[in-house]
Number of protein chains: 2
Amino acid sequence: MRRTRSVTMVDIAKRSGVAVSTVSYALSGKRSVSAETRERVKRAIDELGFRPHEPARALKSRASRAISLFFPTARDTLEIESHIFLSGALEATSEFDYSLLVSTATHDPSGIVATLETGRADGVILMEVRLSDERVEKLRADGHPFSLIGRCEDNDGISYVDFDFEDAVCTAVHHLYELGHRHVALLNRAPSIAGADYGPTVRSHAGFQSALRELSLEGDQLLCGTSGAQYIEVLRFLERAPTCTAAITLSVTYAPLLAALRDLGRRVPEDFSVVAIIASQVSDLVTPPLTTIDMPAYEMGRLGAEILIRRLMDDELPPTQLLLRGPLQVRSSGPPPRRSRP
Amino acid sequence: MRRTRSVTMVDIAKRSGVAVSTVSYALSGKRSVSAETRERVKRAIDELGFRPHEPARALKSRASRAISLFFPTARDTLEIESHIFLSGALEATSEFDYSLLVSTATHDPSGIVATLETGRADGVILMEVRLSDERVEKLRADGHPFSLIGRCEDNDGISYVDFDFEDAVCTAVHHLYELGHRHVALLNRAPSIAGADYGPTVRSHAGFQSALRELSLEGDQLLCGTSGAQYIEVLRFLERAPTCTAAITLSVTYAPLLAALRDLGRRVPEDFSVVAIIASQVSDLVTPPLTTIDMPAYEMGRLGAEILIRRLMDDELPPTQLLLRGPLQVRSSGPPPRRSRP
DNA sequence: GTTCGCAATCGAAACGTTTCGACTCGGGGA
DNA sequence: TCCCCGAGTCGAAACGTTTCGATTGCGAAC
C-alpha cells in the first residue's frame with residue numbers, strides 16, 4: 001500500500017526538455033505550442049505514465065470539475081426514482097468528464113453550502129424539492145450553481161428538470177374515463193415523505209381535481225406512506241367504495257394497491273383498472289403488467305446533471321427549465337366490470 | 001454566480017493574532033495548542049465563516065478523504081441491488097466524514113487506476129466482481145486500497161463483504177424439500193450479465209447442485225437475462241416440466257417467473273412455491289408477498305465502505321472479509337398442490 | 001544554578017498545478 | 001530600414017493547506 005512518489009509535470013518537463021509551463025500549455029491548449037514540442041511532451045507523458053494531480057489542479061484553478069448530487073437517505077425504503085436519477089446523472093457526468101459526488105441530503109442547507117465552499121464540488125443537484133425549499137433559497141441567495149430534479153413554486157433563474165405530474169394524472173383520468181370508469185382513486189405519496197408541499201404530490205392532486213371536475217367524475221385521494229401497514233388502509237378504502245373501479249398510482253404506491261386487490265380477490269384488469277405513473281425500470285418488474293405513464297427518470301437524471309454542467313462550463317448560459325412528459329402504455333386497464341354498472 | 005474570494009487560514013491567523021501554522025494545529029490537534037489560543041482561533045473561524053479548502057488539504061496531505069464506488073452503468077435495467085449497495089455505502093462514508101465519489105464501472109481497470117492516481121479518491125469499492133477479475137488483479141498488484149462487494153476465487157489479502165449465495169440456495173432447497181416438493185427450479189442470472197464467472201451465479205449453482213444431491217431431488221437451472229423476452233422461456237419451461245412445483249429466484253428473476261405463472265393460471269403459493277433470494281427493499285414491493293432469504297444489501301454497502309475506510313485510516317489493519325447470511329422468511333411457499341402428488 | 005525537557009508558538013518550505021508577464025525570434029507593413 | 005506583432009517559450013508567483021525545524025519560556029531534576 002506504499003504510495004510511491006508519483007510522476008509530476010516537473011518530470012515531464014525535464015524529460016522533454018521544456019519548461020513546466022509549456023507542459024501545462026501543451027496539455028490545456030490555452031496557449032499555442034509548436035507541434036513538435038507537443039509531440040515530445042506527449043511522448044514523455046506516455047513513457048513516464050503521468051497523470052495530472054487533480055487536487056493540485058483544483059487548488060490552482062479554483063474548480064473541482066465535480067458536481068454533487070444530494071441523495072435522500074433511505075435506510076428502510078427503496079426510493080426507486082432517486083436511484084434511477086442517480087444512474088442518469090452518472091452517465092451525463094462522466095460524459096462531460098466531470099466527477100460525481102454523492103452526498104446525503106439533509107433538510108437544512110448547511111451541508112450543501114459546505115460541499116460547495118470547501119471546493120469539493122462546483123455545483124449541486126437537488127432532488128425531492130419542495131414547492132418552497134430553504135435549500136434552494138439559500139443557494140440562490142449565495143449565487144451558487146445548482147440544478148433541480150423537480151421544481152419549486154417560484155423558479156426564477158433556476159435550472160431544473162421535472163416531470164409533469166399534473167398532466168400525467170390528468171391523462172390517466174381521461175384514459176380511465178374513456179374506458180367507462182366513473183369513480184377513480186388517486187394513490188398519492190403521503191406528505192410525511194417530503195413535507196406538506198412536496199411538488200409531485202401537490203401537482204398530482206391538482207391534476208386529479210381538475211380532471212375530475214372537467215369530466216364530472218367521482219374521485220378520492222389516498223395518501224400512501226412507505227410502511228407496510230399502508231396496505232390495510234387501501235384495503236379498507238376499496239371495501240368502503242365499491243363503485244371505485246380504477247386507480248392511479250404514483251411511484252411505488254402500486255404495491256399496497258395490488259396487495260389489497262389481491263386480498264379482495266379482485267383481478268387486474270378484469271375487475272379493477274390501474275394506471276401507474278412510474279419509471280419503466282420499475283414497472284417492468286411488476287406482475288401483472290401495468291398500464292403506465294412512463295416517467296423518464298433516467299433521462300431526468302441525465303438532464304439534471306447536463307444542464308448544471310453546461311452552466312458551469314459557460315456562465316453566460318441562461319438557466320434551462322425542462323418539463324417532461326411520458327407516454328401512456330395501456331396494459332392493465334380496461335372497462336369496468338359489469339356488476340358495477342347500473 | 002460570482003465566486004467571491006473566500007476566507008482562508010491566513011485571514012483566521014490575522015484575526016486571532018497567531019501564525020497560520022498555529023491555526024492548522026488548533027484545528028487538527030496534531031500539536032498542542034493552549035486552550036486560550038484554540039478559543040481565539042475558534043472564535044475567529046465562527047466570525048469569519050471559514051471553511052478549510054479541501055483541494056488544498058488534499059494536495060498537501062496527499063489524501064483526498066474520498067472513496068470511489070464503481071457503479072455498473074445500467075441504462076435499461078434496474079440493477080436493484082447495486083442501488084441499495086450505493087445507499088449503504090453512502091451512509092458509512094458520511095459517517096466517517098469521507099466523500100463518496102461514484103464512477104462508471106468499466107470492464108478494464110484503467111479508469112479505476114486513474115481515479116486513484118489522480119488523487120481523486122484514496123480507495124475504491126468494486127462490485128459485480130468476477131471470480132477472476134482483472135480489475136482486482138491490477139489493484140492488488142499496484143498496492144492500491146480497495147474493497148469488494150462480492151469476492152473472487154482467490155481473496156488473499158483482499159477486503160470484501162459478500163453474501164453467501166451458496167448457503168442461501170441450499171437453505172431454500174431444504175425448505176422446499178421439507179414442504180414436500182420433489183422437483184425445483186433455480187432461476188439464476190444469465191452469464192451475459194457479468195461474464196461466465198460471475199461469483200453469485202456460480203456459487204448459487206454450486207449450492208443448488210449440492211443440495212439436490214444431498215436430498216436426491218430433481219432440479220433445473222434456468223438462466224435469466226434482463227430482457228422481457230426472458231419470461232417466455234420460463235413459461236416454456238414450466239409447461240415442459242409439470243412436476244416442477246417450486247422455484248428459487250435470484251435478484252429480479254422473480255419477475256419473469258411470476259409473470260409466467262400468472263399466464264399459466266397457477267397461483268402462488270397454492271399451486272407453486274417461490275423462494276426469492278433478494279433484498280427486502282425489493283421484495284416489499286412484490287405481490288404476492290414472497291418467501292425470501294433476505295440479502296442485506298444495504299448492510300453490505302455499508303460494510304463495504306466501512307472496511308475500506310478503516311484500512312485507509314490505519315494501514316496496519318489486516319483485511320476484513322465478511323460473508324453474510326440472511327434469514328428465511330416464509331410467505332409464498334407451501335406444500336405442493338395435490339394433483340402433482342402420486 | 002545549570003541543565004534538561006516539554007508546551008506553545010512561529011516562519012518557511014513544501015504539495016503539483018495554472019497563469020501572468022516577459023523574452024526571443026522572424027516576417028510583413030510602413 | 002525600422003518597427004510591430006504574433007507564435008513559441010520560459011521563469012516565477014501564486015492557490016491554501018500541512019508539517020518540519022527552530023525558538024522561546026518555564027518548571028523540574030540534578
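What you see below is based on every heavy atom in this structure, not just the backbone, and it leaves out hydrogens, waters and symmetry mates. Below, chains carry the letters A, B, ... as their sequence lines are ordered, and counting in each starts from 1.
- For Ile45(A) and dT17(C), the CD1 to P distance is 10 Å, given to the nearest whole Å.
- One atom, CZ of Arg57(A), and another, P of dG16(D), lie 15 Å apart when rounded to the nearest Å.
- Regarding Lys14(A), its NZ atom lies at a distance of 16 Å from the C1' atom of dC10(D), rounded to whole Å.
- A close approach under 4.0 Å does not occur between any side-chain nitrogen or oxygen of Ser61(A) and OP1 or OP2 of dT17(C).
- Taking the side chain of Thr22(B) as heavy atoms from C-beta on, and the options dC10(C), dT18(C), dT17(D), the nearest nucleotide is dC10(C).
- Among the heavy atoms of the strands lying under 4.0 Å from Ser24(A) is at least one base atom, whether or not backbone atoms are also near.
- Here the C1' atom of nucleotide dT17(D) and the CD atom of Glu54(B) are 10 Å apart, to the nearest Å.
- Considering CG of Leu86(B) and CD of Glu81(B), their distance stands at 13.5 Å, rounded to 0.5 Å.
- Of the side-chain N and O atoms in Ser34(A), none sit less than 4.0 angstrom from OP1 or OP2 of dA7(D).
- If you find the closest nucleotide of DNA chain C to Gly17(B) and to Leu27(A), the one lying nearer the 5' end belongs to Gly17(B).
- Side-chain N/O atoms of Lys30(A) include none lying less than 4.0 angstrom from OP1 or OP2 on dT18(C).
- For the pair Arg51(A) CZ and dC15(C) P, the interatomic distance rounds to 21 Å; values are reported in whole Å.
- Within the nucleic acid shown, Pro52(B) comes within 4.0 Å of sugar-phosphate atoms alone, with no base atom in reach, counting heavy atoms only.
- Heavy atoms of Ser28(A) sit nowhere under 4.0 angstrom from any nucleic acid atom.
- Remark on DNA chain D: of its neighbouring residues Lys60(A) and Arg31(B), the 5'-side contact belongs to Lys60(A), judged by nearest-heavy-atom nucleotide.
- When heavy atoms are screened at a 4.0 angstrom cut-off, Arg38(B) is found touching no nucleic acid atom at all.
- Contact annotation: side chain of Ser21(B) to base of dG11(C), donor-acceptor pair present below 3.5 Å.
- Between Arg62(B) and dT18(D) there is no side-chain polar atom (N or O) within less than 4.0 angstrom of OP1 or OP2.
- Salt bridge status for Asp133(A) with Arg140(A): absent, with no side-chain N to carboxylate O gap under 4.0 Å.
- Rounded to an integer number of Å, the gap from CD of Glu39(B) to C1' of dA8(C) is 17 Å.
- With rounding to the nearest 0.5 Å, the separation of CZ in Phe71(B) from CG in Leu101(B) is 13.5 Å.
- Separating the CG atom of Asp11(B) from the C1' atom of dC15(D) is a distance of 13 Å, rounded to the nearest angstrom.
- Contact check on Arg15(B) versus Asp11(B) returns no salt bridge, with no Lys/Arg side-chain nitrogen under 4.0 Å from an Asp/Glu carboxylate oxygen.
- Look at Glu54(A) and Arg57(A) and you find a salt bridge, because one of the NZ, NE, NH1 or NH2 atoms lies within 4.0 Å of a carboxylate O, short of that distance.
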